[in-house]
Amino acid sequence: MPDELLERLRRFQTDAFPLQRSLFRHLVDEGQHPLTLFIGCSDSRIVPYLLTGAGPGELFLVRNVGAFIPPYDQSQGFHGTSAAIEYAVLNLNVQRVIVCGHSHCGAIRALYEEIPAAAQNLGRWLDLGREAVLPMAESGTEVMRRTEQRAIVLQLERLMDYPMVRERVEARRLTLHGWHYVIEDGEVHVFDVALGRFVPAAEAEHAGTGPYHFGDPDDPDLLDASGVPLV
């Protein structure tokens, strides 16, 4: 029986690598200097390099279930995601952080369903998205879309609790961007904090804005806790 993975590895070395040999040599000699930290869901349908048109050395990637970000206080235990954020900001000096969620997200749907008892780590991890859940009896298409977007902004808010992130954002050395990728349309919707909503990239004036504030509590147009309008 053919070993498909082995064949793919061989094709990379013989076909793909020679076309980028000088670039990889440069990245070894000079080190990596990515400008973007991309935090995305582990979903196999999300391909950051296709979405951004980036090449080797341009993105520092973090993938996890739901594109969630643990609290800075480490109250939930060990986190490769937190370590990657610290490394990207403090060591690599990235200039932007993208949190990219997407449509039909299994992690978001799981927030409305029962979790198998054996999935203890998954259950605790999903708690990082609980605040985005809407008080709905059924998780229909619109509820899912809104929850996915609310979860993205919730993670951006949590990023601002990382001291090194907040310091650089306030010094205008780092920008935060919330993206919602609609798989079936091939379009990314970016969060616009001024408008308080996600805007299709085809109509947006920028690739997303931050940090996040919610204004006067007496404002009838006040955003909810995730930054996405309640209505």
Side-chain angles (χ1 to χ4, degrees), residues 34-71 79-89 92 94-111 125-126 128-133 141 144-162 165 168-169 174-193 195-212 226-228:
L35 298 180
T36 302
L37 166 60
F38 186 102
I39 302 173
C41 183
S42 297
D43 192 294
S44 62
R45 297 165 292 184
I46 311 305
V47 187
Y49 285 97
L50 285 179
L51 288 179
T52 63
E58 294 185 45
L59 299 178
F60 191 72
L61 293 175
V62 175
R63 306 289 295 270
N64 64 48
V65 174
F68 291 164
I69 294 172
H79 283 302
T81 295
S82 298
I85 292 168
E86 293 175 352
Y87 185 78
V89 174
L92 298 177
V94 295
Q95 297 179 8
R96 62 185 73 91
V97 180
I98 297 167
V99 176
C100 183
H102 62 95
S103 62
H104 310 286
C105 181
I108 298 301
R109 181 166 297 280
L111 293 172
W125 182 257
L126 290 176
L128 297 175
R130 297 281 176 205
E131 291 180 45
V133 171
T141 301
M144 284 293 295
R145 181 192 64 83
R146 290 178 59 193
T147 307
E148 288 160 358
Q149 294 183 348
R150 286 160 57 91
I152 292 165
V153 182
L154 175 63
Q155 310 315 312
L156 291 170
E157 293 173 0
R158 199 170 284 139
L159 264 176
M160 288 295 288
D161 290 333
Y162 284 65
V165 171
R168 284 162 174 74
V169 167
L174 180 68
T175 58
L176 307 184
H177 308 266
W179 292 2
H180 182 244
Y181 173 41
V182 183
I183 298 172
E184 59 271 34
D185 295 337
E187 184 166 40
V188 173
H189 294 230
V190 303
F191 184 66
D192 187 322
V193 70
L195 298 178
R197 60 185 176 87
F198 283 80
V199 181
E203 304 171 13
E205 297 181 355
H206 47 67
T209 52
Y212 304 91
S226 73
V228 179

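For the atom pair Ile39 CD1 and His177 NE2, the distance stands at 12.0 Å (nearest 0.5 Å). Atoms CD1 and CD, from Ile69 and Glu157 in turn, are 11.0 Å apart once rounded to the nearest 0.5 Å. Distance check: Thr52 OG1 to Leu59 CG gives 4.5 Å after rounding to the nearest 0.5 Å. How far CD1 of Ile98 is from CG of Leu51: 9.0 Å, rounded to the nearest 0.5 Å. For the atom pair OH of Tyr181 and CD of Glu148, the computed distance is 13.0 Å after rounding to the nearest 0.5 Å.
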In sequence, state the C-alpha distance, the side-chain angles, and the governing distance for Arg130 and Leu111, and then conclude on side chain to side chain contact (heavy atoms under 4.5 Å, CB included). CA-CA 7 Å; Arg130 297 281 176 205; Leu111 293 172; 3.7 Å; yes
Step by step, would you call Thr36 with Arg96 a side-chain hydrogen bond (donor to acceptor under 3.5 Å, both in side chains)? CA-CA 5 Å; Thr36 302; Arg96 62 185 73 91; 2.7 Å; yes
Check the pair Gln155, Arg158 against side-chain hydrogen bond (donor to acceptor under 3.5 Å, both in side chains), reporting the backbone distance first and the verdict last. CA-CA 5 Å; Gln155 310 315 312; Arg158 199 170 284 139; 2.9 Å; yes
Evaluate the side chain to side chain contact (heavy atoms under 4.5 Å, CB included) criterion for residues Val99 and Phe191: first the C-alpha distance (whole Å), next the side-chain angles of each, then the deciding distance (0.1 Å), finally the verdict. CA-CA 10 Å; Val99 176; Phe191 184 66; over 6 Å; no
Start with the C-alpha distance between Ser82 and Tyr162, add both sets of side-chain angles, then the distance that settles side chain to side chain contact (heavy atoms under 4.5 Å, CB included), and finish with yes or no. CA-CA 9 Å; Ser82 298; Tyr162 284 65; 2.8 Å; yes
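Between Val97 and Val165, the closest side-chain pair of non-hydrogen atoms is not below 4.5 Å. Using a 4.5 Å cut-off on side-chain heavy atoms (C-beta onward), Val62 and Ile85 make no contact.
No donor-acceptor pair closer than 3.5 Å links the side chain of His180 to the backbone N or O of Gln149. A donor-acceptor pair under 3.5 Å is formed between the side chain of Glu187 and the backbone N or O of Ala202. In this structure a side-chain-to-backbone donor-acceptor pair under 3.5 Å is missing from His189 to Phe198. No donor-acceptor pair closer than 3.5 Å links the side chain of Trp179 to the backbone N or O of Ile152.
With sequence neighbours left out, the side chain to side chain contact (heavy atoms under 4.5 Å, CB included) criterion links Glu184 to Ser103, His104, Val182. Residues satisfying the salt bridge (Lys or Arg N to Asp or Glu O under 4.0 Å) test with Arg168, not counting sequence neighbours, are none.
What you find for Val65 and Ala107 is that their closest heavy atoms are CG1-CB, 3.6 Å. Considering every non-hydrogen atom in both Ala88 and Phe60, the closest pair reads CB-CD2, 3.7 Å. For Phe38 against Cys100, the heavy-atom pair with the smallest separation is CZ-CB, 3.5 Å. Summarising the geometry of Ala204 relative to Val190, their closest heavy-atom pair is CB-CG2, 3.6 Å, with the distance given to 0.1 Å. The heavy-atom pair separating Ala132 from Leu154 by the smallest distance is N-CD2, 4.1 Å. The nearest pair of heavy atoms linking His102 to Asp43 is CE1-OD2, 3.2 Å.
Among residues at least two apart or in separate chains, side chain to side chain donor-acceptor pair (under 3.5 Å) pairs with a member in residues 54-67 are Asn64-Thr81.
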